[in-house]
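In what follows, a structure is listed as C-alpha cells, so that the remarks can point back to it.
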Amino acid sequence: VDHLDTIDAFGQTPLHLASLRGNTDVITYIIEQAEAYVDSVGASASDKGEKESSPKGASVSTLTSKSKSASASFPAKLLNIQDREGKTPLDLAIKKKKGNAELLLRQYMNKYCISNQSIWQKTVAAIKPFFSCNSWRSWLGLTSENGRPPRFIFWFVAVNLALALLYELVVYVPLHGVGVGFSSASANGSANANGSDARLWDYMTLHYCTVLSFIMTIVFFIMVHQTDPGLLAKKNYANSSSNTNGVIGMDSCIDARLSSILCFDENKKIRREMHTLTNDLRNLYEETLESFASDSVNSDTGAGPATERLPLCHSCHIARPHRSKHCRVLNRCVLLFDHHCPFVGTTIGLYNYKYFYMFVVMFTITEILFGTTGILYLKRAPENAGIEVTKLIVGLYFSIYMLMTGGLSIYHTQLVRRNLTTNEHQNARKYKYLKDEMGAFRNPYNRGCFKNFASRLFPGKDSYMLVVNSDDISAHASSLSRNSSHHGMEIEMRSATASDKKNEEKLSLVQNAV
C-alpha cells in the first residue's frame, strides 16, 4: 500500500487526483485498499500473538487491538493529507464542484475522522448534507457519474410505471362501487346508488389484461436491469455476488433478492461462461501481441502479415470477438453489444437483450390497453360531469409513451428479424465482417427469420460465433489449421465423423470462414 500515500511534485496523492476529477470508482478503490491493509495488519498481529507468549501475561486480544489501533488511522491519514496549497481531497472535490465525489468523501470522513469530535460536531456533520443542493441533486440522480447517464432517467421510468399501474387500479378498475343499488344505468355513465364510480364494471376482462401486462412489463424491466449482459474481463467473475452489471442500480441487498427471485441463478451461469471465454480471449490477446514481433521480422524480409487478426482491446486485455464492443459506461467489453440504455439503467448485450425486447413489446401492449381503457372511461362519463380535464391530461400523459415504445418495438423487431444489433445497424460500414469481397453489405449471421429470432431470444454460442456447416468444414480445414492462432479462435469444434456431418453444425470464432 506504499503507492496509496505517494506524493507528487504538487504534494498530491492518488486520492487527491481522483477527487480532483470526481472519479468515485477510484476513490472507492483507494479507500478499500487502505481498509484491506488495516484488516491484513490485524490478522497478522493476531497470528503473531498466538505464536508468541507475553512474559507479562498480555492477552492475544490486547496485542491485536493495539496493532489495529495503530493501523486503523491509515484511511484517515489518506483523507486528511494536504497538498502544497493546504487542500485535502474533500477540499479539491468541493472546489471543482464534483458533487458525487464530495458526498462519498464526506461519508468516509464521517466514518474514519470523527472519533475526536464532540457530539455537536458529529450532529452538524450529519445534518449538513441535507442543506446542500449538490447532495439533493446527487440523491435525486440528476448528476452524471464517471461518464454514466444520470440515474434520474432510470428512476423516472420506474416511478412512472408504478404510478400508471396505481392509476389503473384506483381510477379505472371498479374495485369499489359494485354493490347494492348498482344498476345497468351505471354502465351508461351514471353512478350507482351508493355514489361510487364504477363505470367500467362490465370490462373486467380488459382490466385483467391491462393489469397483467403492467405486471409483466415491470418484471421484464427488472430482469433486463438485473441480468448480466455478457461482461467480458470482469474482475472476480466466478465469485462475484455484487450487482451483476455494475451500473446504476437499486440497493445491493434488494438487487440480490430480486436476482435470486427473478433470474433463477441465471447470472451465475453467465458469469462462469464469461469467465472461461475471457481466459481464452486473453490467451489469444497474448498470442496476437507476440505475432506482431514475427510480422515485423517478416517485413524486414519483404513479407507482409500472413492474416488479418481479431481486434484487440487494450483496456480489457482481450482479443475482442466480433459483435462485441468496449462499453464506455461500464468500462468493460460486452459480448454481442447492442447499446447502452439509460432508461433501463444498464447496457444491453447478449443475455439481457431478450428481456429488453420483451420489455419494449410488453410496454407497447400495456400502453395500448391502458389508452383503450382511458378512452372507454371518458366516454362513459356522466352527462352532467362535462369534460374531466384532469383525468384526460393524466391519461394522455401515460399514453404518450406508446409513441416511443411502439417505435422501438418496430425497430428492434426488424433488427431481430435480420439478426443485427443496434450497434451493427448504425455502424455497419466500420465492420469488415459485415462486408463481402466487393465491399457490399452482407450479414453472415443472418440465418433466416425463424432462426434469427431463436438466436436473439434464446442466446447461445451460435449468437456470436460464425456457423460453419459440416459440408464446408473440409473446404476450410486447411485455413483453420494455419490461422487458428492469429486469424481467429476455435471455441467449439467437434470431430467430423460420418454421423456428425449429417446433423450437427460446427461453431467457431473463425472470422472470415463464411
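Computed from heavy atoms alone, side chains included, the values below leave out hydrogens, waters and symmetry copies.
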Pair F343 and F356, ring centroids less than 6.0 Å apart: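 F343 vs F356: aromatic centres not under 6.0 Å.
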Shortest non-hydrogen contact between [X] and [Y], atoms and distance:
X	Y	value
D8	L17	OD2-CD2, 4.4 Å
S324	L335	CB-CA, 4.0 Å
T422	Y411	CG2-OH, 3.8 Å
T88	N80	CG2-O, 3.9 Å

From H340, K325, R332, residue fulfilling side chain to side chain donor-acceptor pair (under 3.5 Å) relative to T347: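 Testing T347 for a side chain to side chain donor-acceptor pair (under 3.5 Å) against H340, K325, R332 leaves exactly one candidate, H340.
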CA sep, side-chain torsions, deciding dist, call: F154, F221, ring-ring contact (aromatic ring centres under 6.0 Å, His included): CA-CA 10 Å; F154 168 77; F221 177 75; 5.4 Å; yes
Do [X] and [Y] meet the criterion of a side-chain donor-acceptor pair at a distance under 3.5 Å?
X	Y	result
Y445	S455	no
Y431	N423	yes
H16	T13	yes
Y433	E424	yes
N279	T276	no
Q107	Y112	no
Y355	H225	no
Y285	E290	no
H326	N331	yes

Geometric class of the Y401/Y397 ring pair [parallel <30°, tilted 30-60°, perpendicular >60°]: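 Perpendicular, since the angle between the ring planes exceeds 60°.
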Parallel, tilted or perpendicular, as decided by the 30° and 60° cut-offs, for the rings of Y353 and H412: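 Ring orientation, 0 to 90° scale: tilted.
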Quick one: does [X]'s side chain have a donor or acceptor within less than 3.5 Å of a partner on [Y]'s backbone?
X	Y	value
N427	K430	no
T366	S213	yes
D228	L231	yes

Test salt bridge (charged side-chain N to carboxylate O under 4.0 Å, His left out) applied to E102 and R106, step by step: CA-CA 6 Å; E102 177 186 349; R106 287 189 184 278; 3.2 Å; yes
N443 side chain reached by N419 side chain, heavy atoms, under 4.5 Å: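 In short, these two side chains touch, coming nearer than 4.5 Å.
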Side chains of T413 and I410 in contact at under 4.5 Å (non-hydrogen atoms):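 T413 vs I410: side chains apart.
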[X], [atom1] atom: more than 12 neighbouring heavy atoms under 6.0 Å:
X	atom1	value
K96	NZ	no
E85	CD	no
K354	NZ	yes
I400	CD1	no

